[in-house]
Asker: 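Could you have a look at this structure, given as structure tokens, before my questions?
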2 protein chains.
Amino acid sequence: MRLSTKGRYGLRAVLEIAARHGEGPVTTQTIAQNQGISERYLDQIMIPLKRSGIINSVRGARGGYVLAKKAEAIKVGDIIRALEGPIAPADCVSEQSPLQCRRQEMCITRPLWAKLRDSITEVLDSYTLAELAEEAAAMKKEDTGHYNI
Amino acid sequence: MRLSTKGRYGLRAVLEIAARHGEGPVTTQTIAQNQGISERYLDQIMIPLKRSGIINSVRGARGGYVLAKKAEAIKVGDIIRALEGPIAPADCVSEQSPLQCRRQEMCITRPLWAKLRDSITEVLDSYTLAELAEEAAAMKKEDTGHYNI
DNA sequence: AATAATGTTGACAAAAACGATAGGAATTAA
DNA sequence: TTAATTCCTATCGTTTTTGTCAACATTATT
């Protein structure tokens, strides 16, 4: 029951991009420095985020990353799914193509896992990037803006 | 966001013990056969379950495992915690001794992880073994009782 | 005494997570 | 056009997790 660093770093990265909206493309260097993440590792995280249509890249000098949609339209769940795959406490209740087990109509624990999955998605999909970025902006006024985890 | 086999197997094992209440101690052999789990692996799973006071062991011939308390008093969450550790989507919001990060009062994502943790525990602690075992008993009447995942 | 069961430890392999490195390819600014 | 900047991809190594197996000690029953 643990999120990997990929999902957590990814959310922070996108949050950083959202916070710098209006400054033009944000480089991985900027994100890595501000968030204390390895820049190379960050490179790998940005790829699936781009493929999922959450961010767009701008190549060349003065390039970087920008949000692909409005912050209001990006759910935290989208970011987690892009980086960690479909949400599934057990394979048999995966959001995408759940694994069929021999007697799932006889399985006692399956309904429990399904309820757990729904509960998780409900939380992750209830937060949009805009809501989180707003809080971030409020916090930044009081400090340097360096935040973690 | 995935439960390991330890937790899932463990729940099924305890469920099997609960279902065989009245038959005396249940051996790992019986459980392993019925659930299709490696007996050696099961050995390792039983240890933390015993340490957590969920089951008791009976050594020697005709020994095995029995529930340490009434099935009504055992929550699914207890079993998961015993086998997977404290519930924590991120270390900073662990149920037990959360890891302090430098500026947690400035962290934007932390409240989100905390809410996620609460949502997970709420589901896992809402199910008792008795409730699940009841369903299992009802199902067994209609079939051989071999169920998975 | 023999048997059947748990308790404990260690070793092991496979997979995933984590992070670093290197070398392009593409674009823009100068 | 050249050089700088940046994305992009692939690979590699380390560590941790996951899952399995085996050997031996301990205990209780028969």
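These values consider heavy atoms only, across backbone and side chains, with no hydrogens, waters or symmetry-generated copies. Bear in mind the structure is a predicted one, so any value in this text is a computation, not a measurement. So that the names make sense, note that chain A is the first sequence line, chain B the second, and so on, each numbered from 1.
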Asker: Given that B:Arg51 and A:Lys6 both sit by DNA chain C, which one's nearest nucleotide is further toward the 5' end?
Answerer: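 Result of the comparison: B:Arg51.
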
Asker: Quiz question: going by heavy-atom distance under 3.5 Å, is there a donor-acceptor pair between the base of D:dA28 and the side chain of B:Arg62?
Answerer: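 By the distance-only test, no, there is no pair.
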
Asker: Strictly below 4.0 Å: does A:Tyr65 bring a side-chain N or O up to OP1 or OP2 of D:dT6?
Answerer: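 For D:dT6, neither OP1 nor OP2 has a side-chain N or O of A:Tyr65 closer than 4.0 Å.
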
Asker: Can you see if the side chain of A:Ser4 gets near the phosphate of C:dA16 - specifically, an N or O under 4.0 Å from OP1 or OP2?
Answerer: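 The answer is no; no side-chain N or O of A:Ser4 sits under 4.0 Å from OP1 or OP2.
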
Asker: Among the candidates D:dT18, C:dT28, C:dG19, find the nucleotide nearest to the side-chain atoms of A:Tyr41.
Answerer: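 The listed nucleotide nearest to A:Tyr41's side chain is C:dG19.
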
Asker: Rounded to the nearest Å, what distance is computed from the CD1 atom of residue A:Ile45 to the P atom of nucleotide C:dC18?
Answerer: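 It works out to 9 Å between those atoms.
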
Asker: Under a 3.5 Å cutoff, is there a donor and acceptor pairing between the side chains of B:Glu39 and B:Thr28?
Answerer: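 Result is yes, a qualifying pair exists.
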
Asker: Any salt bridge between A:Arg81 and A:Asp125, counting N to O under 4.0 Å?
Answerer: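 A salt bridge is present here (some side-chain N lies under 4.0 Å from a carboxylate O).
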
Asker: Mind calculating the distance between CD1 (B:Ile55) and C1' (C:dG7) to the nearest angstrom?
Answerer: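 One finds 12 Å between C1' of C:dG7 and CD1 of B:Ile55, rounded.
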
Asker: Has the side chain of B:Arg40 got a donor or acceptor that lies under 3.5 Å from a partner of the other kind on the base of D:dT20?
Answerer: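 Check fails, no donor-acceptor contact within cut-off.
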
Asker: Let me know, please, whether A:Thr28 or B:Tyr9 comes out on the 5' side of the other along DNA chain D by nearest nucleotide.
Answerer: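 In this pair, the answer is A:Thr28.
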
Asker: Under 4.0 Å between a side-chain N/O of A:Thr5 and OP1 or OP2 of C:dG19, yes or no?
Answerer: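 Checking A:Thr5 against C:dG19: at least one side-chain N or O falls below 4.0 Å of OP1 or OP2.
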
Asker: Looking only at side-chain N and O atoms, does A:Ser57 come under 4.0 Å of OP1 or OP2 in D:dC8?
Answerer: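 A:Ser57 to D:dC8 OP1/OP2: side-chain N or O found under 4.0 Å.
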
Asker: Is there, by distance only and without an angle test, a donor paired with an acceptor across the side chain of A:Gln29 and the base of D:dT6 below 3.5 Å?
Answerer: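 Such a pair does not exist between side chain and base.
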
Asker: Check the distance between D:dT6's P and A:Arg59's CZ and give it to me in whole angstrom.
Answerer: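 It works out to 13 Å between those atoms.
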
Asker: Check every atom of D:dC8, C:dG7, C:dG19 against the side chain of A:Ser38 and return the nucleotide holding the closest atom.
Answerer: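 Closest nucleotide to the A:Ser38 side chain: C:dG19.
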
Asker: Is any side-chain nitrogen or oxygen of A:Lys50 closer than 4.0 Å to OP1 or OP2 of D:dC8?
Answerer: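 Yes, because at least one side-chain N or O of A:Lys50 sits under 4.0 Å from OP1 or OP2 of D:dC8.
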
Asker: Quick one: A:Ile47 CD1 to D:dA10 C1', roughly how many Å, whole number?
Answerer: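 Between C1' of D:dA10 and CD1 of A:Ile47: 10 Å.
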
Asker: Which is true for B:Asp43 with a 4.0 Å heavy-atom rule: it touches a base, it touches only sugar-phosphate, or it touches nothing?
Answerer: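 Nothing: the residue B:Asp43, judged by heavy atoms under 4.0 Å, touches no strand.
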
Asker: To the nearest Å, give me how far apart CG (A:Leu3) and P (C:dA16) are.
Answerer: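 Between P of C:dA16 and CG of A:Leu3: 17 Å.
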
Asker: Find out if a path of hydrophobic residues (ILVMFWY) with successive side-chain heavy-atom gaps under 4.5 Å connects B:Leu83 to B:Tyr41.
Answerer: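 They do share one cluster, since a chain of ILVMFWY contacts under 4.5 Å joins B:Leu83 to B:Tyr41.
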
Asker: In whole Å, I'd like the distance from the CD atom of B:Gln44 to the C1' atom of C:dC12.
Answerer: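 Rounding to the nearest Å, CD of B:Gln44 and C1' of C:dC12 are 12 Å apart.
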
Asker: Please lay out, stage by stage, how B:Glu84 and B:Leu3 fare under the test side-chain contact (heavy atoms from CB on, under 4.5 Å).
Answerer: CA-CA 8 Å; B:Glu84 314 237 350; B:Leu3 239 49; 4.1 Å; yes

Asker: Please test A:Trp113 against B:Leu11 for side-chain contact (heavy atoms from CB on, under 4.5 Å), starting from the C-alpha separation and ending with a verdict.
Answerer: CA-CA 12 Å; A:Trp113 304 144; B:Leu11 175 55; 3.8 Å; yes

Asker: Figure out the CG/C1' separation between A:Leu49 and D:dC7, and round it to whole Å.
Answerer: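 Taking CG of A:Leu49 and C1' of D:dC7, I get 14 Å after rounding.
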
Asker: Check whether the side chains of B:Glu16 and B:Thr30 place a donor and an acceptor atom closer than 3.5 Å, and report yes or no.
Answerer: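 No, because no side-chain N or O of B:Glu16 sits under 3.5 Å from a partner of the opposite role on B:Thr30.
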
Asker: To the nearest Å, give me how far apart CD (A:Glu39) and C1' (D:dC8) are.
Answerer: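 Rounded to the whole Å, the gap is 13 Å.
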
